[in-house]
Amino acid sequence: MKEMNTTYDPKAFEDKIYEKWTSEGSFRAEVDPAKLPFTVMMPPPNVTGRLHMGHAMDETMQDVIVRFKRMQGHSVLWLPGVDHASLATEHKLVEKLREEGTTKEELGREEFLRRAWAWKEEYGGSIVGQLKKLGSSCDWSRLAFTMDETCSKAVREAFFRLYEKGLIYRGSRIINWCPDCKTALSDEEVSYSEDAGHFWYFKYPVKGTEEFITVATTRPETMLGDTAIAVNPKDERYARFVGKTVILPIVGREIPVVADDYVDIAFGTGAVKITPAHDPNDFEVGLRHDLPMIRVLGDDGRVNEAGGKFCGLGRYEARKQIVAEMEGLGLLSKIEPHAHNVGHCHRCNAVLEPVVSKQWFVRMKPLAGPAIHAVMQNKTKFVPDRFAKIYFNWLENIRDWCISRQLWWGHRIPVWYCADCGEVICARETPAKCPKCGSEALHQDEDCLDTWFSSALWPFSTLGWPEATEDFKYFYPTDVLVTGYDIIPFWVMRMMFSGLEYTGKVPFRNVLIHGLVRDEQGRKMSKSLGNGVDPLDVIEKYGADSLRLSLVTGVAPGNDTRYSDGKVEAARNFINKIWNASRFVLMNAEGKIPKLSEVQLQPADRWIISRLQTTIREVTVSLQKYDLGIAADKLTDFVWNDLCDWYIELSKPALYGGDPERKRGTLAVLLFVLESAIKLLHPFIPFVTEEIYGYLPGAEGSIVTADYPRYNTKLAYKKEAKAFEEIIDLIKSVRAMKVEVGCPPSKKVPLYIVTEQKRLVAANRACIQKLAGVSEVYLAESGAEAGERPVSKVCSAGQIFVPLGELVNIEAERARLEKELERVMGEIARADGKLTNKNFVAKAPRKLVEDEAAKKEKYLDMKKRIEQQLKLL
RNA sequence: GGGGGCAUAGCUCAGUUGGUUAGAGCGCAUGCUUCACAUGCAUGAGGUCACAGGUUCGAGUCCUGUUGUCCCCACCA
């Protein structure tokens, strides 16, 4: 046997073990008709990114599930991948170019893309390395990238199909425009924050009168594009103006006063300036009243030619000058401070401009319906199910999805325009000529697709769809998607409707939603706060297993969790415990160790085997329900308390007692329980369990593909285990008693036990001596055998007595017993309360009533004993 | 305005379909160099489960309301 180090040192083996797994192809998924598939698609991290704590938790959860299923005998595919992250990557690249003193326009599309690919190669590889550090057991031979050939083909196919069905259209709508990234965004990519702003009240002169209509605005610069004033048709204050015109100050344009229900009489002045090209509501008003749309802000956020003399000014400079000029004209009636929600770019945080723009959209209503139904019919289940509500809420209020981006890094829109006849051609492959006029003067749409358009296809594009590949047929639909609640609108929803639309099936049967990993004070980890913790630093310090375990323990599904070094330390300490328990077993395991079935089991053996069975059942059930936190908790409890604190201590008399057969039997039990525990733990802490597995005599191959322990009724030993609990209780009682009376733990005292479990106590005499710190164990008929005034305590097995002679303080002892009596009386009263309640006896399950009665008996017995003892004092 | 979460020990959190005396980790107190482990062992203190009603034989758990707190969506120019 190789020697194990005295302390757990993850650095000594984690990397080595991952290499072994890789070289042995342990995570290779096989299409095997004899097995049930189990498929998980990894949410692809962005190429630009570095793994953060959120990823670490997400990956750990997936890995736990996947390793569990693999050990259970499924043919597991956990498919890893990387996302091209169109906007995020391009944004970073553009910044880099700026530092180099150039721009993407200067480089040109081709050169820019060449650089982007180089960037991808560099960062994509680093993400893979980080995932391996964590221990992720994914099939690297199937590593996918959202822009690889297979995925790109799927994107064109999907676009083509939607286009043919009329579910993709091009149109001029108000979209969110980022003047920094210079692209359109979808509604989901806008993050709102409350910013301090102002209301500027402008007076617009009514033509042909001396009167004014006052309007308020938060964006004065948009007045350049005003094409009407709207009032509510029921508003008597303005009724006489409807149908008249006002003269737009500075610009001089004559614009109508229209009546529209959209205007809230009670808000502001009751009159609204209408800028159809720069506000979604105004846009609608404009359509209803057939108003011209005048766009006054260009793509760079500067006023354009339509803005006359302000042309070329930045939007805020224009705002300043316009306000000043209005004031000069005496048309600024007041300024009020006003906090309002302003949309910011998800990526660069710039203030967005709503502008009218010609973009590509996906018609969402027809796609949302089936996606809602599938979840209603439980074809896909959310875990926890409360997230289904959030999902419904999104889909029921969904608006068309703007999918075009004015970017270069991404999937180019598969649409071509004929320069000669203007025909619009959507095709899977680049067309050679115009199908209408035969012209070869075709040019492809300049824009790219929203990154999420390709992500939406991830569960099947990675398997080769639209081809009916073996992988696709075998591994699709996938079993579970693991992701954070913040991604539901971006991704979960879109994969759902995409899967249903293109494959006719839900893309996954379950969605396991988790929360965010926050910092120690509960704040979101963010770059600006600088409070992010790098998982790799933690791994460096504590090892990957400790990080993994700390990220799933004490976490309830869907809830946020806080990261803290303390939690990782606790996990590390636990793993060190496992390590040393293994070391203890292996140090003693010499010679040939018999199988469990060949051994004469002792009461303690049956107890630990029984506890193991219970643990197997509980952990298996929890994992099947994706309750990782509960599973980890049960395992920790079993290994630390039952195995280490009790069974290992109980085994020592047998190991060192000099009876070779007893020793071999105990070792058989120790090895069996240890091996089972290691297997149960493996999904959570794969490295250390693999390392320990390698030391176990008789263990073959890798723990990765070992059989997951199964609950065995024959090994449940329910009765025996319950009986043995009395021995444990007895030992605890002796220890407590010694502490209570101030007897030093090192002082060995004789122990007298009055019990009906004579055989059980006798069989465990050595254990009681060792664990309770007792010199001799006597089976007594009464406390009198322990001499005059022994200290006593009742326990579930009966009553224990220790003659402590001069150590006993009569008064203290009386107080101690009285306190105990009080507690017992309380219990009796409680049980009595239930048992005298006719309704309880009649309606509660019989077992419960019986238990309660038995309990009362037990406490009555205890009461009697304590009272007797008090009399003797 | 709409939707949702959370409120349990000093702190961080678990608590399965309602059912023993509500748990864990950390922290705290006391005592232990016991031959796997001080990254440890033993013993212990600490909780009106936010509040008020209701359903039930029985509520931390289910229902209604209140308060506090956080998040998401929408958004009035």
Side-chain angles (χ1 to χ4, degrees), chain A residues 4 6-8 187-188 192 199 215-219 222 230 262-264 266-275 279-282 285 338 340-341 386-387 389-390 392-394 397 485-486 488-489 515-516 520 522 524 542 546 550 553-556 558-562 564 566-567 569-588 618 621-622 625 627 629-630 633 636-637 644-645 648-649 652 656 732 735-740 742 744-746 770-771 773 823 826-827 830-831 834 837-845 847-849 851-852 854-855:
Chain A
M4 288 176 78
T6 48
T7 49
Y8 158 63
D187 296 341
E188 290 75 19
Y192 289 90
F199 265 138
V215 294
T217 180
T218 54
R219 293 188 295 155
T222 62
Y262 153 69
V263 181
D264 180 350
F267 189 82
T269 63
V272 185
K273 64 188 266 309
I274 299 297
T275 322
D279 181 277
N281 291 308
D282 293 7
V285 175
H338 175 64
H340 61 143
N341 270 342
R386 66 170 186 268
F387 289 102
K389 284 185 215 161
I390 291 169
F392 291 142
N393 207 271
W394 266 99
N397 300 305
Y485 57 70
D486 51 330
I488 294 173
L516 270 37
E520 210 156 348
K524 230 166 158 169
Y542 297 100
S546 301
S550 75
T553 35
V555 178
N559 285 4
D560 288 353
T561 179
R562 299 185 191 200
S564 76
K567 286 184 187 175
E569 253 170 56
R572 191 268 321 268
N573 293 353
F574 173 57
I575 297 171
N576 183 62
K577 190 78 184 171
I578 299 164
W579 180 266
N580 274 289
S582 307
R583 205 162 67 88
F584 169 79
V585 174
L586 293 165
M587 272 168 42
N588 287 289
E618 288 173 342
V621 167
S622 301
K625 291 195 294 188
D627 263 334
I630 291 177
D633 214 47
T636 312
D637 183 49
C644 295
D645 287 346
I648 284 186
E649 294 309 318
K652 284 176 181 173
Y656 307 137
K732 284 184 164 182
R735 287 170 175 171
M737 188 172 81
K738 286 175 80 175
V739 169
E740 280 163 26
S746 53
K770 172 142 180 99
L771 272 67
R823 187 185 70 85
E827 291 301 327
R830 196 189 47 75
K834 283 192 177 179
N837 181 337
K838 271 187 217 146
N839 282 321
F840 173 73
V841 178
K843 293 186 185 176
K847 170 103 171 59
L848 217 65
V849 179
D851 285 357
E852 205 59 45
K855 225 179 296 170

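In the text below, chain A, chain B and the rest are named by the order of the sequence lines, each starting its count at 1.
- Applying the 3.5 Å distance criterion, the base of B:A42 shares no donor-acceptor pair with the side chain of A:Glu649.
- Summarising the geometry, the separation between OH on A:Tyr262 and P on B:A77 is reported as 8 Å, rounded to the nearest angstrom.
- The listed nucleotides are B:U43, B:G15, B:G40; the one nearest the side chain of A:Arg735 is B:U43.
- Residue contacts shown for A:Trp394 are limited to sugar-phosphate atoms, with no base heavy atom under 4.0 Å away.
- Note on A:Asp627: nothing from the nucleic acid sits closer than 4.0 angstrom, heavy atoms only.
- The heavy-atom pair separating A:Ala271 from A:Val215 by the smallest distance is O-CG1, 3.6 Å.
- A:Thr7 OG1 to A:Arg583 CZ: the interatomic distance, rounded to the nearest 0.5 Å, is 8.5 Å.
- For A:Ala844, the side-chain atoms get nearest to B:C57 when compared with the rest of B:C57, B:G31, B:G4.
- Following rounding to the nearest Å, A:Asn576 (CG) and B:A38 (P) show an atom-to-atom distance of 8 Å.
- The residue among A:Asn281 and A:Asn397 whose nearest nucleotide of RNA chain B is located toward the 5' end is A:Asn397.
- Under 4.0 Å is where a charged nitrogen must lie from a carboxylate oxygen, and between A:Lys847 and A:Asp851 at least one such pair does.
- Computed from coordinates, the A:Phe584 CZ to B:C41 C1' distance equals 14 Å when rounded to whole Å.
- Between atom NZ of residue A:Lys652 and atom CG of residue A:Leu771 there is a gap of 8.5 Å, rounded to the nearest 0.5 Å.
- Nucleotide B:U55 forms a pair with no other nucleotide shown, judged by Watson-Crick or G-U wobble geometry with both contacts under 3.5 Å.
- Counting all heavy atoms, side chain and backbone alike, A:Lys738 lies closest to A:Pro745 at NZ-O, 3.5 Å.
- Remark: B:A14 base-pairs with no nucleotide in the shown strands. Criterion, Watson-Crick or G-U wobble with two distances under 3.5 Å.
- Between A:Arg572 and B:U39, a side-chain N or O to OP1/OP2 separation shorter than 4.0 Å is absent.
- Considering only side-chain N and O atoms, A:Asn559 lies under 4.0 angstrom from the phosphate OP1 or OP2 of B:A14.
- Atom C1' of nucleotide B:G5 and atom NZ of A:Lys524 are separated by 14 Å, given to the nearest angstrom.
- Note: A:Phe267 and A:Phe199 have perpendicular aromatic rings, judged against thresholds of 30 and 60 degrees for the angle between ring planes.
- Residue A:Lys625 places its side chain closer to B:U16 than to any other of B:A36, B:G25, B:U16.
- Residue A:Arg562 has a polar side-chain atom (N or O) positioned under 4.0 Å from OP1 or OP2 of B:C13.
- Among B:U16, B:C37, B:G19, the nucleotide with an atom closest to any side-chain atom of A:Arg583 is B:C37.
- Nearest to the side chain of A:His340, among B:G40, B:U20, B:A77, sits B:A77.
- In this model, the phosphate group of B:G40 is approached by a side-chain N or O of A:Asn573 to a distance below 4.0 Å at OP1 or OP2.
- With a 3.5 Å ceiling on both atom-pair distances, the Watson-Crick or G-U wobble partner of B:G44 is B:C28.
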Begin with the C-alpha distance, continue with both residues' side-chain angles, and end with the deciding distance and a verdict on side-chain hydrogen bond (donor to acceptor under 3.5 Å, both in side chains) for A:Tyr485 and A:Asp560.
-> CA-CA 10 Å; A:Tyr485 57 70; A:Asp560 288 353; 2.8 Å; yes
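- Between the CG atom of A:Asn580 and the C1' atom of B:A36 there is a distance of 5 Å, rounded to whole Å.
- Across all strands shown, A:Asp633 has no heavy atoms under 4.0 Å from either base or sugar-phosphate atoms.
- One interatomic measurement links the two molecules: CZ of A:Arg386 to C1' of B:C71, which rounds to 11 Å at whole-angstrom precision.
- In terms of position along RNA chain B, the nucleotide closest to A:Asn588 lies nearer the 5' end than the nucleotide closest to the other residue of the pair A:Glu188 and A:Asn588.
- Base-pair partner of B:U61: not found among the strands shown (Watson-Crick or G-U wobble, both distances under 3.5 Å).
- Contacts of A:Thr218 with the nucleic acid, taken as non-hydrogen atoms under 4.0 Å apart, involve only primed sugar atoms and P, OP1 or OP2.
- Heavy atoms of A:Lys732 sit under 4.0 angstrom from primed sugar atoms or phosphate atoms, though from no base atom.
- A:Val739 comes within 4.0 angstrom of sugar-phosphate atoms only, judged by non-hydrogen atoms across all strands, and of no base.
- When distances are taken from the side chain of A:Lys389 to each of B:A36, B:C57, B:G4, the shortest belongs to B:G4.
- Residue contacts shown for A:Gly554 are limited to sugar-phosphate atoms, with no base heavy atom under 4.0 Å away.
- The distance between atom NZ of A:Lys577 and atom C1' of B:A38, rounded to the nearest whole Å, is 10 Å.
- Contact annotation for A:Asp645: backbone-only contact, meaning every heavy-atom pair under 4.0 Å involves sugar-phosphate atoms and none involves a base.
- Residue A:Arg219 is out of contact with every strand shown, counting any heavy-atom pair closer than 4.0 Å.
- Counting non-hydrogen atoms under 4.0 angstrom, A:Ala556 reaches the backbone sugars and phosphates but no base.
- The phosphate of B:C73 has neither OP1 nor OP2 within less than 4.0 Å of any side-chain N or O from A:Tyr485.
- Between A:Tyr656 and A:Phe584, the two ring planes are perpendicular [angle over 60°; tilted spans 30° to 60°].
- Closest to the side chain of A:Lys855, out of B:U20, B:C57, B:C76, is B:U20.
- Contact annotation for A:Asn837: backbone-only contact, meaning every heavy-atom pair under 4.0 Å involves sugar-phosphate atoms and none involves a base.
- Across B:G58 and B:U20, the matching C1' atoms stand 13 Å from one another, rounded to whole Å.
- Judged by atom type and distance alone, A:Asn341 reaches the base of B:C75 through a side-chain donor-acceptor pair under 3.5 Å.
- Within 4.0 Å (heavy atoms only), A:Lys738 reaches no atom of the nucleic acid at all.
- Note on A:Lys847: every side-chain N or O is 4.0 Å or more away from OP1 and OP2 of B:G19.
- Taking both residues in full, the closest heavy atoms of A:Ile488 and A:Phe387 are given as CD1-CD2, 3.9 Å, listed atom of the first, atom of the second, then distance.
- Searching all strands for a Watson-Crick or G-U wobble partner of B:A7 with both distances below 3.5 Å returns B:U67.
- Environment of NZ in A:Lys732: sparse, with no more than 12 heavy atoms of neighbouring residues, nucleotides or ligands closer than 6.0 Å.
- Nearest nucleotide to the side chain of A:Lys567, out of B:C37, B:A77, B:U12: B:U12.
- If you check every strand for non-hydrogen atoms under 4.0 Å, A:Pro489 touches nothing.
- When the nucleotides B:U56, B:A36, B:A77 are ranked by their closest atom to the side chain of A:Lys273, B:A77 comes out on top.
- With a cut-off of 3.5 Å on both Watson-Crick or G-U wobble distances, the partner of B:C49 is given as none.
- Base pairing annotation: B:A77 forms no Watson-Crick or G-U wobble pair, as no partner gives both donor-acceptor distances under 3.5 Å.
- Side-chain N/O atoms of A:His338 include one lying less than 4.0 angstrom from OP1 or OP2 on B:A77.
- Set against B:A77, B:C75, B:G31, the side chain of A:Tyr192 has B:C75 as its closest nucleotide.
- Heavy atoms of A:Ile274 sit nowhere under 4.0 angstrom from any nucleic acid atom.
- A:Phe387 has its CZ atom 9 Å from the C1' atom of B:G4, to the nearest Å.
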